[in-house]
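Keep in mind the model is a prediction, meaning the values are calculated, not measured.
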Amino acid sequence: MQFHHHGYVSGDPRIQPAAGTGVDRPAALPEEVDVLIVGTGPAGMLTAAQLSQFPNITTRIVERRDSRLAIGQADGIQARSVETFQAFGFAEEITAEAYRISEMCFWRPDPENPENIVRSGRALDDPHGISEFPHLIVNQARVLDYFARVMANAPTRMAPDYGFEFRGLEVDDDAEYPVTVTLLHTAGPKEGTERTVKAKYVVGADGARSQVRQSIGCTLEGDKANHAWGVMDILANTDFPDIRTKCAIQSSNGGSILLIPREGGHLFRMYVDLGVVPEDDNGAVRKTTIDQIIATANSILAPYTLDVRNVAWHSVYEVGHRLTDRFDDVLPEDLGTRTPRVFITGDACHTHSAKAGQGMNVSMQDGFNIGWKLGHVLDGRSPATLLSTYSAERQVVAKNLIDFDKEWSTLMAKKPEEFENPSDLEDFYVRTAEFPAGFMTQYTPSMLIAEPAHQELASGFPIGKRFKSAMVQRVCDTNPVHLGHQATADGRWRIYVFADAAAAGAPSAVTELAEWLDTAPDSPLAAMPAGSDRDAWFDVKVIYQQEHAGIDINKVPAVFKPQVGPFQLTDLSKVYGLNPASDIFTERGISRDGAVVVVRPDQYVANVLPLGATAELADFFAPLLPARQAQH
């Protein structure tokens, strides 16, 4: 965390100075906004938290409830999400209060006494070391609270506008604020009355029954639900030995349970199999009582018993897999002729079972994806064509998620005797670990993702996949740090320069690249407005092959030591050497001739290039940036 560069800070350094739209921010919802977000779920709140870092953009987020969410339904936090929380500054705090999944236990009918269940196997949650971050369980409401704090502490001083329900919208592409949104007051003295808000862009994060989705003519299509589950968050006494361990439990009567321990040491969640839903059910299964769910759980757990003392929340849901064919308001026949004005995220555009723990996680990545893109377009950093990449990228991810979830939920619903191999469920869990952890997403070539022409220079940073962190040693303070953890959700591109073998400042490809970045008219840094800090849009870091003690920081090129803030203080934190315990060049397959790794603001690798490929680097950024300006 960096602070004091604007002057001495005596209070909480996480609270940034108010700036731009955050100065005298109106408490009441304005008549005109740049971005209107509908819904304060995970996708909406992350989008808002990202946009809150752009002081010159007016963003508001509306919610039909009259206050914050008290009890969240989602609870699974995959490691990719914790990486994202790190970028927003609260990974350590939320990890401290969450339940951490280290193993999963598998229970099946006892071969000698099938009426009873026995533990049949254990699996490590992350056997391959996919991430340095853990798999967590924590109430969705707490996730939203943390994002709300990020928004409140941001320069824009954002906060949700509660008590507004979305009713409809109209788009006029020729207007300055093209989207006219009709809202209904659902609380307060104006309850029951309508009002309109004009916006440049609208993001629908309003759930599976999304009115925003309907307003742009999208429909969720897919498999009809045919299997029901009762879910309950409970406090109970039990002699089941693995009650504080994640478990998949299969009984001889065909019923199964997915057990998820919750944060706090006592609460736990059970997904209880209620069986196949008849075609003529007409929603009757949804009337299953909590007592019936508890009774079913006890029958599955035999010979163990469950004595429920308190029910925090429960529900019945039917597994269905549905997806929209587009995530914005551009009709297929209009592709390439107009840019989108309305976007949908999360459950508004993809629904699936809850048992793979993917809903909240994938939804948040939807929000991360669209949030920085809207910020760049509205801040004048990128053309509006950038926004067309949102639907193109995220719709494929959602399709892959649904395909995975179909297989997982089908396996969870199988009877033990239907498995060819008794360990099939356990084997699937281990074999597919990278997908549910959130790391199989790989965006394909586009204006944001380069062709992998030079991938061999950094094989451990696959183009299109998230930037996988590794340890380095910061030169200025000698601290060992995770390189990826130094990137915050501030909307900046990252350019990581992995040096060749030459010493800092010696004639080399690195010094030539640094000179080009700093002075060339076709350098991406030249696109920044005159008078802005040299790292305002780009965070340029260098990683040398020497250990920190052998690097003379005074000889490091100036582009890696930008002057920042009103006092133009030199930032020395962007220069790194090798960590003695782990060589990042070896761990990530980086050529000893060096490489440039370009990473998007949402942490995905966009390009890998040789150190001397300045023309290719300029060509990559040219369509993403405004016309170059003379620097002063």
Review point. Could you state the interatomic distance from OG (Ser388) to CG (Leu335), rounded to the nearest 0.5 Å?
Key: 7.5 Å
**Study point:** Any donor-acceptor N/O pair, Gln545 side chain to Ala499 backbone, under 3.5 Å
**Key:** yes
**Study point:** Heavy-atom closest contact (Pro42 atom, Met364 atom, distance)
**Key:** CB-CG, 3.6 Å
**Study point:** Check: Val38 and Val203 side chains under 4.5 Å, non-hydrogen atoms
**Key:** no
Exercise for review: Flag the pair Val342 / Tyr201 as yes when at least one side-chain heavy-atom distance between them is below 4.5 Å, and no otherwise.
Suggested key: no
Practice item. Quick one: do Phe538 and Leu517 satisfy side-chain contact (heavy atoms from CB on, under 4.5 Å)? Show the steps, please. Key: CA-CA 11 Å; Phe538 295 91; Leu517 284 168; over 6 Å; no
Point to revise | With sequence neighbours excluded, residues passing salt bridge (Lys or Arg N to Asp or Glu O under 4.0 Å) with Glu63 | key: Arg65
Check your understanding: Can you check ring pair (Phe, Tyr, Trp, His ring centres under 6.0 Å) on Phe498 and Tyr576, steps first, answer last?
Key -> CA-CA 10 Å; Phe498 291 91; Tyr576 304 89; 9.7 Å; no
Check your understanding: Are any of the side-chain heavy atoms of Ile77 and Val143 separated by less than 4.5 Å?
Key -> yes
Practice item. May I ask you to decide if Met440's main-chain N or O and Arg80's side chain share a donor-acceptor pair within less than 3.5 Å? Key: no
Check your understanding: Are the side chain of Thr345 and the backbone of Gly204 linked by a donor-acceptor contact shorter than 3.5 Å?
Key -> yes
Practice item. State whether the side chain of His376 and the backbone N or O of Gly371 hold a donor-acceptor pair below 3.5 Å, judged by distance alone. Key: no
Practice item. Return yes if some donor-acceptor pair links the side-chain N/O of Asn607 with the main-chain N/O of Ile449 below 3.5 Å, else return no. Key: no
Exercise for review: Indicate yes or no: does Asp329 engage Arg341 in a salt bridge with an N to O separation below 4.0 Å.
Suggested key: no
**Study point:** Distance under 6.0 Å and angle within 45° of ring axis: Lys200 vs Tyr177
**Key:** yes
Check your understanding: Can the ring centroids of Phe133 and Phe85 be said to lie less than 6.0 angstrom from one another?
Key -> no
**Study point:** Distance flag, aromatic centroids of Phe343 and Phe327, threshold under 6.0 Å
**Key:** no
Exercise for review: Using a 4.5 Å cut-off on heavy atoms from C-beta on, say whether the side chain of Val481 contacts that of Gln486.
Suggested key: yes
Exercise for review: May I ask you to say whether Arg209 pairs ionically with Asp347, meaning some side-chain N is under 4.0 Å from a carboxylate O?
Suggested key: no
Point to revise | Nearest heavy-atom neighbours spanning Val82 and Pro134 | key: CG2-O, 3.5 Å
Check your understanding: Going from CE on Met45 to CD on Gln50, what distance comes out if it is rounded to the nearest 0.5 angstrom?
Key -> 14.0 Å
Check your understanding: Which residues satisfy the salt bridge (Lys or Arg N to Asp or Glu O under 4.0 Å) test with Arg494, sequence neighbours excluded?
Key -> Asp490, Asp539
Practice item. Determine the minimum heavy-atom distance between Glu587 and Ser582, stating which atoms define it. Key: OE2-CB, 2.9 Å
Review point. Will you find, in the side chains of Lys373 and Ser382, an N or O donor that is under 3.5 Å from an N or O acceptor?
Key: no
Practice item. Determine whether the aromatic ring centres of Phe461 and Tyr604 lie less than 6.0 Å apart. Key: no
Exercise for review: Run the numbers on Arg381 and Asp379 for salt bridge (Lys or Arg N to Asp or Glu O under 4.0 Å), then give the verdict.
Suggested key: CA-CA 6 Å; Arg381 304 187 192 188; Asp379 204 36; 2.9 Å; yes
Review point. Any chance the side chains of His350 and Gln395 put a donor and an acceptor closer than 3.5 Å?
Key: no
Review point. Sub-3.5 Å donor-acceptor pair from the side chain of Thr47 to the main-chain atoms of Ala43, do we have one?
Key: yes
Exercise for review: Kindly write out the residues that satisfy ring pair (Phe, Tyr, Trp, His ring centres under 6.0 Å) with Tyr496, not counting sequence neighbours, or none if the list is empty.
Suggested key: Phe467
Point to revise | Basic-acidic side-chain contact under 4.0 Å: Arg466, Asp602 | key: no
Practice item. Calculate, to the nearest 0.5 Å, the distance between atoms OG and NZ belonging to Ser573 and Lys541 respectively. Key: 5.5 Å
Practice item. State, without any angle test, whether Asp125 and Ser102 hold a side-chain donor-acceptor pair at a distance under 3.5 Å. Key: no
Practice item. Of all the heavy-atom pairs spanning Gly39 and Ile61, show the shortest one and how long it is. Key: O-CD1, 3.3 Å
Check your understanding: Do His485 and Glu132 pass the side-chain hydrogen bond (donor to acceptor under 3.5 Å, both in side chains) test, and can you show the C-alpha distance, the side-chain angles, and the key distance before you say yes or no?
Key -> CA-CA 11 Å; His485 298 191; Glu132 70 277 13; 2.6 Å; yes
**Study point:** side-chain contact (heavy atoms from CB on, under 4.5 Å) between Val202 and Val35, intermediate numbers included
**Key:** CA-CA 6 Å; Val202 169; Val35 181; over 6 Å; no
Practice item. Not counting sequence neighbours, which residues clear side chain to side chain contact (heavy atoms under 4.5 Å, CB included) with Asp583? List them please. Key: Leu578, Phe585, Thr586, Arg592
Revision key, fill the gap. Residue set satisfying side-chain hydrogen bond (donor to acceptor under 3.5 Å, both in side chains) with Glu616, at least two apart, ordered chain then number -> His454
Review point. Would you call Asp34 and Thr59 a side-chain contact if the rule is heavy atoms closer than 4.5 Å?
Key: no
Point to revise | Any donor-acceptor N or O pair under 3.5 Å, side chains Thr84, Gln365 | key: yes
Point to revise | Tyr544 side chain near Val575 side chain, heavy-atom distance below 4.5 Å | key: yes
Check your understanding: Does the side chain of Ile37 come within less than 4.5 Å of Val62's, by heavy atoms?
Key -> no
**Study point:** Thr156 side chain to Ser52 backbone, donor-acceptor under 3.5 Å
**Key:** yes
Practice item. State plainly whether the residues Arg600 and Glu393 are in salt-bridge range, i.e. N to O under 4.0 Å. Key: yes
Exercise for review: Kindly indicate, with the supporting measurements, whether the criterion salt bridge (Lys or Arg N to Asp or Glu O under 4.0 Å) is fulfilled by Arg213 and Asp206.
Suggested key: CA-CA 9 Å; Arg213 180 186 68 235; Asp206 50 340; over 6 Å; no
Exercise for review: Give the minimum heavy-atom separation between Leu624 and Met447, together with the two atoms involved.
Suggested key: CD2-CE, 3.5 Å
Exercise for review: Output yes when a side-chain donor or acceptor of Asp172 lies under 3.5 Å from a complementary backbone atom of Asp174, and no otherwise.
Suggested key: yes
Point to revise | CH2-CG distance between Trp493 and Leu525, expressed to the nearest 0.5 angstrom | key: 13.5 Å
Review point. What do the steps show when you test Trp372 against Phe54 for ring pair (Phe, Tyr, Trp, His ring centres under 6.0 Å), and what is the final call?
Key: CA-CA 9 Å; Trp372 75 266; Phe54 292 84; 9.2 Å; no
Review point. Looking only at atom types and distance, does a side-chain atom of Ser523 sit under 3.5 Å from a main-chain N or O of Ala520, one as donor and one as acceptor?
Key: no
Practice item. Determine the minimum heavy-atom distance between Ala606 and Ile463, stating which atoms define it. Key: O-CG2, 3.8 Å
Check your understanding: With no hydrogens and no angle check, is any side-chain donor or acceptor of Tyr146 less than 3.5 Å from a backbone partner on Ala91?
Key -> no
Revision key, fill the gap. For Asp173, the salt bridge (Lys or Arg N to Asp or Glu O under 4.0 Å) test, sequence neighbours excluded, returns Arg338
**Study point:** Interatomic spacing from CZ in Phe147 to CG in Leu46 - rounded to 0.5 Å
**Key:** 4.0 Å
Check your understanding: Can you check whether Lys399 reaches Leu323 side chain to side chain, under 4.5 Å on heavy atoms?
Key -> yes
